[in-house]
Amino acid sequence: MMELKRRQAMGLGASAFLSAILAGKVSLAGTDTSTLTIAFNANLPSFDGTTGLSGVNPAIQAIYRSIYDQYIGQKTDLSLEPGLITAWGWNDDKTKVWFDVREGVKWHDGTPLTPGDVIWSLERAAKPETGNPVASVWASIGNFTVSGNKVTGDVKNFDPTIFKWMAFLTGYVLPKAYYEKVGAEGFEKQPIGTGPYMFDAYEGNSFLRLKANPDYWGGKPAFDTVVFKFVTDATSRVAEIESGSSDVTLEIPYEEYDRLSKKKGLAGVTTPISDIGMIFITNVGPMLDKNVRLAAHHAIDKAGIVKKLLRGYGVPIDTLEAPQYDAYDASIRVGYDPDKAVKLLAASGYSKDKPVAFKIQTTRGLKPKDYEMVQAIVGMWRKVGIEAEIEVYEVAKHFELRAGHKLAPAAFYNWGNAIGDPTTSTGFAMFSKSPHSGWKSDDVDALIGPLWGEKDEAKRIAGWKAADKYIAEQGYVIPLLQYVQPIVFKSSLKVQPNVSSALQPTLVSKA
């Protein structure tokens, strides 16, 4: 038996890792080229990717996409492609939807996928009692009928993004007969899907082992076995890849990426992803003053932060639309101008000798250099007449405070939008009736409210661009940058980067 190294036990937990080896549940990376071991940056709290907070956690979609198929697939550039649904659309007046269900697909237990499974999954997702966090999206269509493999449904409440959501969070098809037979508890013990990999073994907070689906409609995957080792500490993920205990890892510090990607036997790839770093502005206290909001924005040297703190890995942005998003408008600029920030603050009676004071909240370690970025921003603010106190919290606390509209006047956050639509960036972040918004005001609602159900696509996108421009001019939010995702892997492998940030095993192959 190969001797276990100390670093090999770090990410998984020594006792859990050893017991897994002895039980034959997980193999050591490097001992079997048919096995792919991923040092993963998040735990898996649930196998049901359609309910609860797990369903809207971007960090674990790579696992869900391995076991299950989505209604509609998504390429690595965020464009849509056929999934379990091979064609889709609306009728002429957009009062009905239709889609064709792929034929010849089998569940992992060998039973055939039917249009009934797809309809059941859609109807289940639309029921709030099932715990789907975006049930209202799925409830926008219903009353389905089937003819062969074609499904037709009514548009109950027109949502221009419904087909995009079929490739997005919670958009997974589950097996009706099996789920109803075993129930939620049984499904957690033995989940099945139609995806490229099948459930094999799992130890909470330690690892998940999957085996290749030989009957996968998209072709047999490159690896017979995939092991996700849950290594939430970035330093431990570095140790995993450097020691050879894992074959690939992600979201490590950029300085470690630069070092490891040049090391013999290793390689690396980075790509701008759909996640953006931003500062929520809450309409309380000093933030009710437009001069303060705009001064806070003009005082931030985003390009300097990317260059000096993130080693060049990032794309500065001034709206909530990243360059790959449908409503991105490169002409919207706020700009770094500390002199203008000083003048704006002076107009409201503030200066370095008499600073405006407020709190800014941030996570620490959720994304590379999140806390350090906020530290740098607070330093920039101090130079123009803003004194900000930093409060560190877990991302779960951020969700709680945001839902209750109790965030601090400023709060740093990482926003993911893997379908690149403006409704799931500017819309959810800025519409007052959204539980995800920080700033809430009638003027913003008047601009974006009508866009939710706009049927003219060109008019809809133009409307979102106009809203983004107005929001930037008013200083209602401070977008900072589009993230770049670092991935390091053994040089014997090849990794295709994914703009959605999901490191799916199907995107890894042998070099």
Just jot down the side chain to side chain contact (heavy atoms under 4.5 Å, CB included) partners of A139, sequence neighbours excluded, or say none.
->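 Side chain to side chain contact (heavy atoms under 4.5 Å, CB included) check on A139 returns A126.
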[atom1]/[X] to [atom2]/[Y] distance, rounded to the nearest 0.5 angstrom?
X: T271; Y: Q324; atom1: OG1; atom2: CD; result: 7.5 Å
X: S437; Y: F431; atom1: OG; atom2: CZ; result: 9.0 Å
X: E103; Y: T86; atom1: CD; atom2: OG1; result: 8.0 Å

Expected output: side-chain [X] to main-chain [Y] donor-acceptor under 3.5 Å:
X: K440; Y: N283; result: no
X: H436; Y: G427; result: no
X: Q70; Y: F168; result: yes
X: W415; Y: T426; result: no
X: Q485; Y: S501; result: yes

What do the steps show when you test D69 against Y216 for side chain to side chain donor-acceptor pair (under 3.5 Å), and what is the final call?
-> CA-CA 10 Å; D69 282 312; Y216 186 53; 3.0 Å; yes
Taking everything shown except E394 itself, do over 12 heavy atoms lie less than 6.0 Å from its CD?
-> no
What's the shortest heavy-atom distance between A322 and Y328, and which atoms?
->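 Closest approach of A322 to Y328, heavy atoms only: O-CB, 3.3 Å.
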Between F47 and Y202, what is the ring plane arrangement, given parallel below 30°, perpendicular above 60°, and tilted in between?
-> perpendicular
Can you check whether F144 reaches P115 side chain to side chain, under 4.5 Å on heavy atoms?
-> no
Side-chain donor-acceptor pair present, T423, D421, cut-off under 3.5 Å |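 The criterion, which ignores hydrogens and geometry beyond distance, is satisfied for D421 and T423.
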